[in-house]
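When a ligand or atom number is given, it counts from 1 through the structure's own listing order.
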Amino acid sequence: MLERALRLEKQLVDIRRDIHAHPELGFHESRTSQKVSDVLTSLRVEHQRGIAKTGVVATLGDGHGPTVALRADMDALPIQEANDVAYRSQSPNVMHACGHDAHTAALLGAAMLLVKEDLHGTVRLIFQPSEEAQDGEHKSGGLRMVEEGALDAVDAVFALHVASDMPVGMIEIGDGPIMAAVDSFQARVIGRGCHGAYPHKGLDPVWLAAQVINAIHGIVPRRIDPTQPALISACTIHSGIADNVIPEEITLTGTIRSFDAGIRQQLHDELRRACALANGLGGEYELAIVGGYPPTVNDAQQAAFLRSVAQVVLPDTQIVTKPPLHMGAEDFSFMAQKAPGAFAHIGAGKGDRPRPHHNPHFDIDEVVIARGAALLAETALRYLRNG
Ligand SMILES: [Zn+2]
Ligand SMILES: [Zn+2]
């Protein structure tokens, strides 16, 4: 399978570079989904567009037997690309800085490989929008895909994520929880504005917020069981416009990560108590916590199966079976709640310089695309064979 995929390599790299040059933010992937649709049409693969707004779901096989789903995400990030390459982003402040362009190309590669096979059962290819962002109803592309039935009657679901910080030839496939649950928060700390020279005539929200932030930073080390992974990062803070005016209020936003449902609730409760310090000092607060993604949980049986396929398809690969927990989150988690699944991080490091995810210098070794295509295709093939 890898040999066959490598024969498609130039074509897949061209697709990835085309998508990379024309990145689109979550739920705006109209050109990308058109491209996906064009390739599927050229392969005569039956597919539906407009699922989860800009998603595409394709179906292969004879329909007699199990159904296995393979998933790719298609969205880019609001980042200005700093790489000076021929295929650099042509859209200002939008960049494929997480590798979802490669995921899309790899899944199209899997389609190219699978159309040549006699499939007894169904392979569903899910090209989902907006993994990175939620829409106005706080729903991401993966959740919308599940809600719109893309995972209905699916017996198992698999996905790959490129990892720019891992060398090619390494793959992480863990059992159980592998990536964190994420929630976000927005807090308003409200005082009373006044002249900067007469702070006693108002109530300084900057002072109130300073106490709140200190308390937030104490939650994980002082309130959470030290053996449990958890974090709260206050990531933005906005207030004030003049150096001699004490503002009315201050806004904080941040991210909350956890694995355990009880810890997740405790983080929310403790965050509320930290914000309530503003009350104790005479001010007010408002706190909104927006639920994000659940933890990503690999089904042990499907993870073992994916490892066994990786061993055959990518024999030169080191398979890490107990990867460290990632505090990053993935909306594949919604799909893995709906059907037993496994998610792998596949090494794609270029090795020339650090190219972290969500960074303007992000890039990958493109050999990962054919390798990923081969692994996805063989996973589906063997799943249908062995059920
Ligand atoms: Zn990302
Ligand atoms: Zn990603």
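A salt bridge between Lys322 and Asp175 is absent, with no side-chain N of the basic residue lying under 4.0 Å from a carboxylate O of the acidic one. The pair Asp73-Arg71 counts as a salt bridge, with a side-chain nitrogen and a carboxylate oxygen less than 4.0 angstrom apart. Remark: Asp152 engages Lys338 in a salt bridge, criterion side-chain N to carboxylate O under 4.0 Å.
For Glu132 and His358, the side-chain atoms include at least one donor-acceptor pair closer than 3.5 Å. With 3.5 Å as the limit, one finds a donor-acceptor pair spanning the side chains of Thr253 and Thr236.
Contact annotation: His161 places an N, O or S atom under 2.8 Å from the Zn ion (ligand 2).
The side chain to side chain contact (heavy atoms under 4.5 Å, CB included) test with Pro129 singles out one residue from Arg144, Glu29, His100, and that residue is Glu29.
Excluding waters, the set of protein N, O or S atoms lying under 2.8 Å from the Zn ion (ligand 1) comprises Cys98 SG, Glu132 OE2, His358 NE2.
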